[in-house]
Amino acid sequence: MSTTLILVLVLVLIAIAGVVFLVLSFLRRRERERELRREKLESVEQGHREMADQHAGSLEELRPLALKHRQAAVDHTRKAEEIEQRIERQERQARFHAGRAEQTQEEREQV
C-alpha cells in the first residue's frame with residue numbers, strides 16, 4: 001500500500017504543480033495585459049496633454065485678437081451712431097429747405 005500511497009502523493013503533487021503553473025501563467029498574462037493597457041493609456045494621456053498645450057497656445061493668440069475686434073466693434077458702433085446723427089441732421093435740413101422752397105414758390109406766385 002505504501003507504493004500506492006506514494007503514487008497518489010506524486011499524482012497530487014503533479015496536480016498541485018499543474019494548478020500552480022496555470023495560476024502563475026494566468027497571473028503573468030494578466031500582468032502583461034495590465035502593462036500594455038498602462039502603456040496605451042500613457043500614450044493617450046500624452047496625446048491629450050499635447051493637444052491641451054496646443055489649445056492653450058491658441059488661446060494666447062485668440063484672446064488679444066478678440067479684444068482687438070471688440071474694441072473695433074465699439075469704435076464702429078460709435079462711428080455708426082455719429083453717422084446716424086448726421087443723417088438725422090441732413091434729413092431735418094432737407095425738410096426745412098424743402099418747406100422753405102415751397103413757401104418761396106407760393107410767395108413768388110403771389111407776386
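Just so it is clear, the model here is predicted, and its values are computed rather than measured.
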CG on L59 to CG on L65, rounded to 0.5 Å
12.5 Å
Going only through I, L, V, M, F, W and Y residues with side-chain contacts under 4.5 Å, is there a path from V19 to I16?
no
Can you measure from CD (Q46) to CG (L41) and round to the nearest 0.5 angstrom?
13.0 Å
Atom OG1 of T77 and atom CD of E84: how far apart are they, to the nearest 0.5 Å?
9.5 Å
Rounded to the nearest 0.5 Å, how far apart are NE2 of H69 and CG of L62?
10.0 Å
Given L36 and K40, is the side-chain contact (heavy atoms from CB on, under 4.5 Å) satisfied, shown in steps?
CA-CA 6 Å; L36 288 173; K40 181 180 177 183; over 6 Å; no
If you apply the rule side-chain contact (heavy atoms from CB on, under 4.5 Å), what do you find for E107 with Q110, and how did you get there?
CA-CA 5 Å; E107 189 178 317; Q110 291 177 1; 5.5 Å; no
Determine whether the side chains of E109 and Q105 contain a donor N or O and an acceptor N or O closer than 3.5 Å.
yes
To the closest 0.5 Å, what do you measure between CZ (R30) and CZ (R37)?
14.0 Å
Is the count of non-hydrogen atoms from other residues, nucleotides or ligands lying under 6.0 Å from E42 atom CD greater than 12?
no
Kindly indicate, with the supporting measurements, whether the criterion side chain to side chain donor-acceptor pair (under 3.5 Å) is fulfilled by Q103 and R100.
CA-CA 5 Å; Q103 288 176 354; R100 293 294 292 176; 3.2 Å; yes
Please determine whether a side-chain nitrogen of the Lys or Arg among E35 and R38 lies less than 4.0 Å from a carboxylate oxygen of the Asp or Glu.
yes
Please assess L67 against R63 for the test side-chain contact (heavy atoms from CB on, under 4.5 Å), listing each intermediate value before the final yes or no.
CA-CA 6 Å; L67 182 61; R63 282 193 175 109; over 6 Å; no
Is it the case that over 12 heavy atoms from other parts of the model lie below 6.0 angstrom from the CD atom of E33?
yes
Atom OG of S2 and atom CG of L9: how far apart are they, to the nearest 0.5 Å?
10.5 Å
CA sep, side-chain torsions, deciding dist, call: K79, I83, side-chain contact (heavy atoms from CB on, under 4.5 Å):
CA-CA 6 Å; K79 185 69 172 176; I83 292 171; 4.1 Å; yes
One thing to verify: whether E82 and R78 come together as a salt bridge, which I'm taking to mean a side-chain N less than 4.0 angstrom from a carboxylate O.
yes
Same cluster or not: L11 versus V20, using hydrophobic residues (I, L, V, M, F, W, Y) connected whenever any side-chain heavy atoms lie under 4.5 Å apart?
no
